[in-house]
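The block underneath contains the structure these notes are about, expressed in C-alpha cells.
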Amino acid sequence: MKLSYDAVVIGAGIVGAACACELARAGMRMAIVEAQIIGGGATAAGMGHIVVMDDSPAQLALTQYSQSLWNELASQLPPNVEYDRCGTLWIAADDDEMQEVHRKQAVYAAAHVSTEILDAKALAEAEPNLRRPLAGALFVPSDAVIYPPCAAMYLVECAKQAGATLYLERAVAKAGKGRLVFSDGTEIFAASIIHATGASASRLMPHLPVRKRKGHLVITDRYPGFVRHQLVELGYLKSAHSTSSDSVAFNVQPRRTGQLLIGSSRQYNNEGTGVDQNILGAMLARAFDYIPSLQGLSSIRVWTGFRAATPDKLPLIGPTEDASVFLATGHEGLGITTSLATARLLTDHLLDRTPAISLAPYLPERFACEAAHA
Amino acid sequence: MPERIALTINGRQWETSEGTTIAAAIMNTEAACRTSVTGEERGPLCGMGICFECRAIVNGVPHQRTCQMLCQDGMDVTTQ
Ligand SMILES: Cc1cc2nc3c(=O)[nH]c(=O)nc-3n(C[C@H](O)[C@H](O)[C@H](O)COP(=O)(O)OP(=O)(O)OC[C@H]3O[C@@H](n4cnc5c(N)ncnc54)[C@H](O)[C@@H]3O)c2cc1C
Ligand code: FES
C-alpha cells in the first residue's frame, strides 16, 4: 500500500512537534517521524528560556512573536511543562554594561516590550545571592521558563489528536521529491516534507549552512528561592555574538522544582557528546563570580547538547529548490522560544495565508548562492 | 561504654551513642529524612552514599547525605 500525506515532518524536537501540531490543526493529513524519542535531541538539552532577544531586528520580531504565541498557549499547557513566567534579569556588572541596559530598554520599548531598570540596590533586593556590588539590571517581566521535552510531547499529542500519525523510532535515510525513505528501506510519500532535524540537518541535506554549536549545562539539587528570575549577564551578548572561539557566560535559571540550571557554554568544532572539563570549569567559575554561594550547593548532573547554528544567527524557515522540501531548522540557542512562531509562519506559507510577521529574513534562499558554491 | 552524644533533631533534643550515623538517629525519631517532589516520605535506602534518599539539613546545609555522617555533640538536624 502506498502511504501518502499532505505533509510529513522529520524530527520530533520542539520545532518539528510545533510544526506537526500547527499543520494538523490547519486540517492537513500529517505524519511526524522521529528516529529516537520525542524531544530527546537539543530539546532535552536546552534551558527552556522563552526569551525576547534583540541581536537583530529579525531576531527581535521572531522571538517576540513566538513569545506571544507561548502566552496564548500557556493556560493549556499541562503541569509537567512547568511553565513559569519568572522574567529575565539582564545583569550589568559595571557602568559600561549599564549603558547597554539603557540601550536595550529603548529597543524593547520601541517594540512595545515593557521593561524596568533596576539599580544596584533594587537588584540586590531582587536577588540577594548575587555578588555585590553590581551596577544594576534590566528586568523583562514577560519572559518565561518551560521544561522543553514535555512541551514537545504535549505538541505531538495535540498533533495526534488533530489526526496526525506518529512514526517513532524510524530514521529517515533520504527525503526529497515528495518521497521519504526510512533506514529499513520502506517509503512514505508527501506533498510537503519538512526538515525539522535540528543540528543534524546537514546529514540529510549536506549543503545546508548549519553547524553544531556545543553547549554544557549543570543542574543542582533543589534549593527553592535561591534564585528567583532567569539571570543572564549582559556580557552574554559578547559570548553569543562571537562566531569562532569558545565562550562561556553567566546564565542561571530557577526551575519550578527549586533546582537551578547553570549555563552556558558555546563551542564550535567539538562534536563529541562528552563533557569538556576545561570549558565546564570556566563556565562554573563564571557562575561563581556572579553568585559566590553557588559553590556551596550540590550539582547532580552535567550534560551537553548541540545548537543548530547558521552564519547569521537566524533560523532557516521555508521552501527550498526542491518544491516538496521545506526547512524548519537552524534555531541555534533560541529554538525553544521560536518553535511556535516557526510552525505558524511555515503553515501560513504552505496555506498561502498572510503571516503576522514577514517570513523574508528566515527564508533559506538567503544562503542559496553559498550552497551552490559549497 | 561508648560516649553519649546530644543533638537536636527537628527541634527536639535527642541522645544517642557515639558512632551512630545521622540517618540512623533520624530513623530512631521515626521521622522521614525528606519528602519527595510528589510528597512521598523518603529515608535511607543504600546506606552507602549512592542513592541520595537520606538527604537532610545538617547544621543549616541542605541535601546532606546523612548515612555518610556521624552524629556529633551539638549538631542541629532537620528533615527536608
Ligand atoms: C545548552 C543549550 C541551552 C539552550 N537553551 C535554550 C533556551 O534557554 N531557550 C531557547 O529558546 N533555546 C535554547 N536552546 C536551543 C534549543 O534547545 C534548540 O534550538 C531547540 O531544541 C531545537 O529544536 P529542534 O526541534 O530544532 O531540534 P532537536 O530537539 O534536536 O530535534 C531534532 C529531532 O530530529 C530527529 N531527527 C534528526 N534526524 C532525523 C532523521 N533522519 N530521521 C528521523 N528523525 C531525525 C532527532 O532525533 C531529534 O529528536 C539551548 C540549546 C542548548 C544546547
Ligand atoms: S542512604 Fe543512600 S545515599 Fe544515604
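Lettering of chains follows the sequences in order, A, B, ..., and the numbering in each one begins at 1. Here the structure is a predicted model, which is why all the values come from computation and not from measurement.
Heavy-atom neighbours of chain B within the stretch residues 142-153 of chain A, taken at a separation under 4.5 angstrom, are nonexistent.
Of the atoms belonging to B:Arg34, it is side-chain heavy atoms, and not backbone ones, that fall under 4.5 Å from chain A.
Rounded to the nearest 0.5 angstrom, B:Phe52 CZ and A:Ile300 CD1 are separated by 8.0 Å.
Remark: the backbone N or O of A:Arg222 is paired with a side-chain donor or acceptor of B:His63 at under 3.5 angstrom.
Surrounding CE of B:Met27 are at most 12 heavy atoms belonging to other residues, nucleotides or ligands under 6.0 Å away. Counting non-hydrogen atoms of other residues, nucleotides and ligands closer than 6.0 Å to CD of B:Gln68 gives a total above 12. Surrounding CD of B:Gln80 are more than 12 heavy atoms belonging to other residues, nucleotides or ligands, all under 6.0 Å away.
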